[in-house]
Amino acid sequence: QVQLVESGGGLVQPGGSLRLSCAASGSIFRFNVMAWYRQAPGKQRELVAAITSGGSTNYADSVKGRFTISRDNAKNTVFLQMNSLKPEDTAVYYCFLPLNSWGQGTQVTVSS
């Protein structure tokens with residue numbers, strides 16, 4: 001397993017942007033899919049976006065057109081670019097690799 005460290009969260013105004021990063025302690029080339037999940041207080045953890053080794057992507061309907069997931073295998077990092085943020089995007093965001101432990105997450109708060 002590799003250690004995962006999420007970063008880039010913070011407090012932003014509605015309509016603002018954030019770029020989240022997930023740095024892995026080892027190579028991620030062997031993972032054929034990587035994903036971002038989020039969990040808000042009192043809610044289930046939900047899938048936000050996923051990307052395959054071939055570069056194909058999938059997004060939750062609630063973020064489609066606003067969020068972009070990408071990966072850099074050479075840097076062992078996966079990113080989530082979040083634009084046009086809404087208050088309902090407020091959550092702790094986690095990256096995910098199959099059969100790997102979760103990181104600590106990074107808090108995103110969207111509020112005026």
What is the minimum heavy-atom distance between [X] and [Y], and which atoms define it?
X	Y	value
Ala50	Val33	CB-CG2, 4.3 Å
Leu20	Gly9	CD2-N, 3.6 Å
Cys95	Val78	CB-CG1, 4.2 Å

pair [X]-[Y]: side-chain heavy atoms closer than 4.5 Å:
X	Y	result
Arg66	Asp89	yes
Tyr59	Val48	no
Pro14	Pro87	yes
Arg45	Arg38	no
Leu85	Leu18	yes
Asn73	Arg71	yes
Gln104	Glu6	yes
Val5	Thr106	no

* Asked: Do Asn83 and Ser17 have side-chain N/O donor and acceptor atoms under 3.5 Å apart?
  ->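 The answer is yes; a qualifying pair exists.
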* To do: May I ask you to check whether Gln1 and Ser101 show a side-chain donor-acceptor distance below 3.5 Å?
  => yes
* Heavy-atom neighbours of Glu88 CD exceed 12 at 6.0 Å ->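 More than 12 within 6.0 Å, yes.
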* Asked: Taking atom CD of Gln3 as the centre, does the number of heavy atoms from other residues, nucleotides or ligands within less than 6.0 Å exceed 12?
  ->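 Not buried by this count: 12 neighbours or fewer within 6.0 Å.
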* Step by step, would you call Cys22 with Trp36 a side chain to side chain contact (heavy atoms under 4.5 Å, CB included)? -> CA-CA 9 Å; Cys22 175; Trp36 284 94; 3.8 Å; yes
* Per the side chain to side chain contact (heavy atoms under 4.5 Å, CB included) rule, which among Val63, Leu80, Asn58 passes with Ile69? -> Leu80
* To do: Apply side chain to side chain contact (heavy atoms under 4.5 Å, CB included) to Ser56 and Ile51, showing your working.
  => CA-CA 6 Å; Ser56 63; Ile51 185 168; over 6 Å; no
* Asked: Once you round to the nearest 0.5 Å, how far does CG of Asn76 lie from CZ of Phe29?
  ->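 Going from the CG atom of Asn76 to the CZ atom of Phe29 covers 9.5 Å.
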* Transitive ILVMFWY side-chain link Val110 to Leu11, under 4.5 Å ->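 Hydrophobic grouping puts Val110 apart from Leu11.
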* Same cluster for Val92 and Met34 if Ile/Leu/Val/Met/Phe/Trp/Tyr side chains link at under 4.5 Å? ->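 Val92 and Met34: separate clusters.
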* Can you say whether the rings of Phe67 and Tyr93 are parallel (under 30°), tilted (30 to 60°) or perpendicular (over 60°)? -> tilted
* To do: Name the orientation class of the two ring planes belonging to Tyr94 and Trp102 (parallel below 30°, tilted from 30 to 60°, perpendicular beyond 60°).
  => perpendicular
* Please lay out, stage by stage, how Asp72 and Phe79 fare under the test side chain to side chain contact (heavy atoms under 4.5 Å, CB included). => CA-CA 8 Å; Asp72 187 334; Phe79 304 96; 4.1 Å; yes
* Using a strict 4.0 Å threshold on nitrogen-to-oxygen distance, state whether Asp61 and Lys64 make a salt bridge. =>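 Between Lys64 and Asp61 there is a salt bridge, with a charged N closer than 4.0 Å to a carboxylate O.
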* Is there a donor-acceptor contact under 3.5 Å from the side chain of Thr109 to the main chain of Thr90? -> no
